[in-house]
2 protein chains.
Amino acid sequence: MKKKPEVTAQTRQNLIDAFWTLYCEKRIEKITIKEITQKAGYNRGTFYEYFTDVYDVLESIESSLIPTLDELPPVSTTTGTLGMPLDMFLKLYKQNNQYYSVLLGDNGDPAFASKLKNSIKPTIMEVFVGKNDVNQKELDYILEYTLSAMIGIMSYWFKQQTDDITSDKLFELIYRLMEQGVMKQLPFMSSEKV
Amino acid sequence: MKKKPEVTAQTRQNLIDAFWTLYCEKRIEKITIKEITQKAGYNRGTFYEYFTDVYDVLESIESSLIPTLDELPPVSTTTGTLGMPLDMFLKLYKQNNQYYSVLLGDNGDPAFASKLKNSIKPTIMEVFVGKNDVNQKELDYILEYTLSAMIGIMSYWFKQQTDDITSDKLFELIYRLMEQGVMKQLPFMSSEKV
DNA sequence: TATAACTATACAACATGTCGTCTTACTGAA
DNA sequence: TTCAGTAAGACGACATGTTGTATAGTTATA
C-alpha cells in the first residue's frame, strides 16, 4: 500500500501546532509530550513516530523559519544597498511575525537569533566580495552589529505593541539610525529634533 | 541557636559554582539537581534547602549580575554623553566577562539581555528627562537599538576570540558605528575607507 | 485483505519534590 | 570545665510523574 503523506503531514502539523500553542505560553522545559499529544488529540506513543523529543519539534519549526540562500531576495548592488539588510530582515520578520516574536523573545531560543543572523550575512557579504577595499572581518562585525540591533528593536517593538508607535515610524527610525548613527538622534549632540 | 551564615553561604556558593560549571557546558534543561549536588559534594536533598529548583539558581546568579541603579556609574551630562551607554555597558561586560558571555550566548538566557537593557536604560534616560525636545518613546527605542547592537557585537566578538580583532579595534568600530551610522562604513555608500 | 496510521497498555529508568531522621557543634547550666 | 539539650545542616528514602520503547490490537482505505 502507498504511504499517505497527506495524512502524516497533517498529523505532523497538528503536533507542531499543539507544541507551538504550548511554547507560546511557557518555557520548553515545562512542556511534556503528554500535553502535546493530548492537545493535538493523539496517543502519546504517536508522537515518537514523528519526533524524537520535544526539542526536535522546536528544531523543526526553526529550520522552516530560517531562509535558505535561494529563498532570500536577490541582492541588487545598484539600488539601496544600504537598506538591504534592513529590508531583508524586515521582510522576514513580517512574513513570520508570529513565530519570530516568540523565538526572539524572552522565552525564546537564543540560538535562533544566531541562526537567523548567520543565514542572512552571506547574502549581504556577497555584494562586497572581491572589493579590495573591504575588510571582510570588519564587515562581519558591522553586520553582526546591525542585525543584532534590528532583531532587538523589532522584538522590543512587538512586545510593546499596545499604544506604541506605528511600524512606519519604527522603520523610519531604524533607517535614520543606520544612516546617521545614534548620536545625531539625541539632543546635546546636534540641533536635529528627535 | 544562631544560624551559621559562614557555613550556609559556603554551601550555597558551592552549589552555585557547580551549577555554573554545568551551565557553561550545556543548556539548563539538561542539568539535573543530582548532577549539581554530586559535583558540589552534597546530598540531593540539601539542594532544596537553598533553592526551589534549577531555575532558581540561575535567577540568583543573574540578579547578582544586574547592576542596581546606585551601582551604575553616575552619568555626567557634560562630557561624552554620546559614549555613555557604550562605556557603561562595556564596563559591565568587562567586569563580568565570564558570566555575561555565557548568559548572552547561544545557550544563555534571552531574558537576561532584557533585564540588562532595562537596568541600564533608566540611568541614561535620566539625562534627558525634562528636556522638552526629547521624545521619550523614541529615545527608548533608540536605546533598545543601541544596547541590542552592543550586546550582539560584544557576544559575537567573545565567541570568535581566537585570531580575531583586538578589543581596542572593536571599541573603535563600535564608536564609529554609533557616531556615523552603519552606511558610511560601507563602500558604495561613501569614499571613506572601512 | 494487506497495510498504513493510530490506540492501548505496559515497563524500566530516571528526575523531582517532600519528609522524617541523623549528625554535628554550639550553648548554657552545673 | 564539662556535658546534656537543642537546632542547623546534611542525609536517605519515598511517592509521584515523565520519558522512551516495545508489543499487541483497532480502524480505515486502496
Side-chain angles (χ1 to χ4, degrees), chain A residues 1-64 102 107-111, chain B residues 1-64 102-103 107-109 111:
Chain A
M1 190 193 246
K2 291 167 196 164
K3 297 217 175 188
K4 299 172 194 168
E6 72 282 1
V7 175
T8 57
Q10 184 61 57
T11 302
R12 200 182 130 89
Q13 194 55 50
N14 290 340
L15 290 171
I16 289 178
D17 291 345
F19 166 84
W20 185 256
T21 306
L22 293 166
Y23 190 70
C24 292
E25 292 166 10
K26 55 180 164 183
R27 315 188 121 240
I28 190 167
E29 314 90 47
K30 300 289 175 191
I31 299 174
T32 67
I33 289 157
K34 196 180 170 186
E35 274 181 305
I36 297 171
T37 49
Q38 268 183 354
K39 192 176 267 287
Y42 295 95
N43 186 275
R44 193 171 67 86
T46 302
F47 177 90
Y48 293 99
E49 299 288 329
Y50 293 88
F51 302 99
T52 63
D53 56 24
V54 182
Y55 298 94
D56 193 26
V57 188
L58 183 61
E59 267 177 51
S60 161
I61 292 176
E62 288 188 359
S63 301
S64 73
V102 174
N107 290 325
D109 177 11
Chain B
M1 188 191 254
K2 288 169 195 166
K3 298 216 176 189
K4 300 173 198 166
E6 73 282 0
V7 175
T8 56
Q10 185 60 58
T11 303
R12 200 181 130 88
Q13 194 56 49
N14 290 339
L15 290 171
I16 289 178
D17 291 345
F19 166 83
W20 185 255
T21 306
L22 293 165
Y23 190 69
C24 290
E25 293 164 11
K26 55 179 164 183
R27 317 187 120 238
I28 191 167
E29 313 89 46
K30 299 291 177 190
I31 298 175
T32 67
I33 289 155
K34 193 180 172 186
E35 274 181 305
I36 297 172
T37 50
Q38 268 182 355
K39 192 176 266 288
Y42 294 94
N43 184 276
R44 199 172 62 82
T46 303
F47 178 90
Y48 294 98
E49 298 288 330
Y50 294 87
F51 303 99
T52 63
D53 56 24
V54 182
Y55 297 94
D56 194 23
V57 189
L58 182 63
E59 268 178 50
S60 161
I61 292 176
E62 289 187 359
S63 300
S64 73
V102 174
L103 285 171
N107 289 326
D109 176 11

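Reminder, nothing fancy here: chain letters follow the sequence lines and each chain counts from 1. Only this structure's heavy atoms are used, side chains among them; waters, hydrogens and symmetry mates stay out.
- Contacts of B/Y50 with the nucleic acid, taken as non-hydrogen atoms under 4.0 Å apart, involve only primed sugar atoms and P, OP1 or OP2.
- At whole-Å resolution of the value, CD in B/E49 and P in D/dA7 are 16 Å apart.
- Counting heavy-atom neighbours within 6.0 Å of B/K26 NZ, excluding the residue itself, gives a total above 12.
- Distances were taken from every side-chain heavy atom of B/I33 (C-beta onward) to each of D/dT19, C/dG17, C/dA15; the shortest belongs to C/dG17.
- The nearest whole Å value for the distance from the NZ atom in A/K30 to the C1' atom in C/dT16 is 10 Å.
- Comparing A/K34 and A/N43 by the nucleotide of DNA chain D that holds the closest heavy atom to each, the one mapping nearer the 5' end is A/K34.
- Looking at heavy atoms from C-beta onward, B/E49 lies out of side-chain contact with B/Y42 at the 4.5 angstrom threshold.
- Nearest nucleotide to the side chain of B/T46, out of D/dG20, D/dA10, C/dA15: D/dA10.
- Put simply, B/T11 has no side-chain N or O that comes within less than 4.0 Å of OP1 or OP2 on D/dG9.
- Side-chain contact between B/I33 and B/F51 is absent, with no heavy atoms from C-beta onward closer than 4.5 Å.
- Distances shown here put every side-chain N or O of A/Y48 at or beyond 4.0 Å from the OP1 or OP2 atom of D/dT21.
- When the P atom of C/dG17 is taken as reference, atom CZ of B/F47 falls 8 Å away, rounded to whole Å.
- Using a 4.5 Å cut-off on side-chain heavy atoms (C-beta onward), A/V102 and A/W20 make contact.
- Comparing D/dC14, D/dT18, D/dT21 by their nearest atom to the side chain of B/R44 picks out D/dC14.
- Counting to the nearest Å, the P atom of D/dC11 and the CD atom of B/Q38 are 12 Å from each other.
- Atoms CZ (A/F51) and P (D/dT21) sit 15 Å apart, rounded to a whole Å.
- Inter-residue side-chain proximity for A/D56 and A/F19 is flagged as unmet; no heavy-atom pair is nearer than 4.5 Å.
- Put simply, CD on A/E35 is 12 Å from C1' on D/dG17, counting in whole angstrom units.
- The distance between atom CD1 of B/I36 and atom P of C/dA15, rounded to the nearest whole Å, is 12 Å.
- Distance, B/Q10 CD to D/dA8 C1': 16 Å, rounded to whole Å.
- Of the two residues contacting DNA chain C, namely A/Y42 and B/G45, the nearest-nucleotide position lying further toward the 5' end is that of A/Y42.
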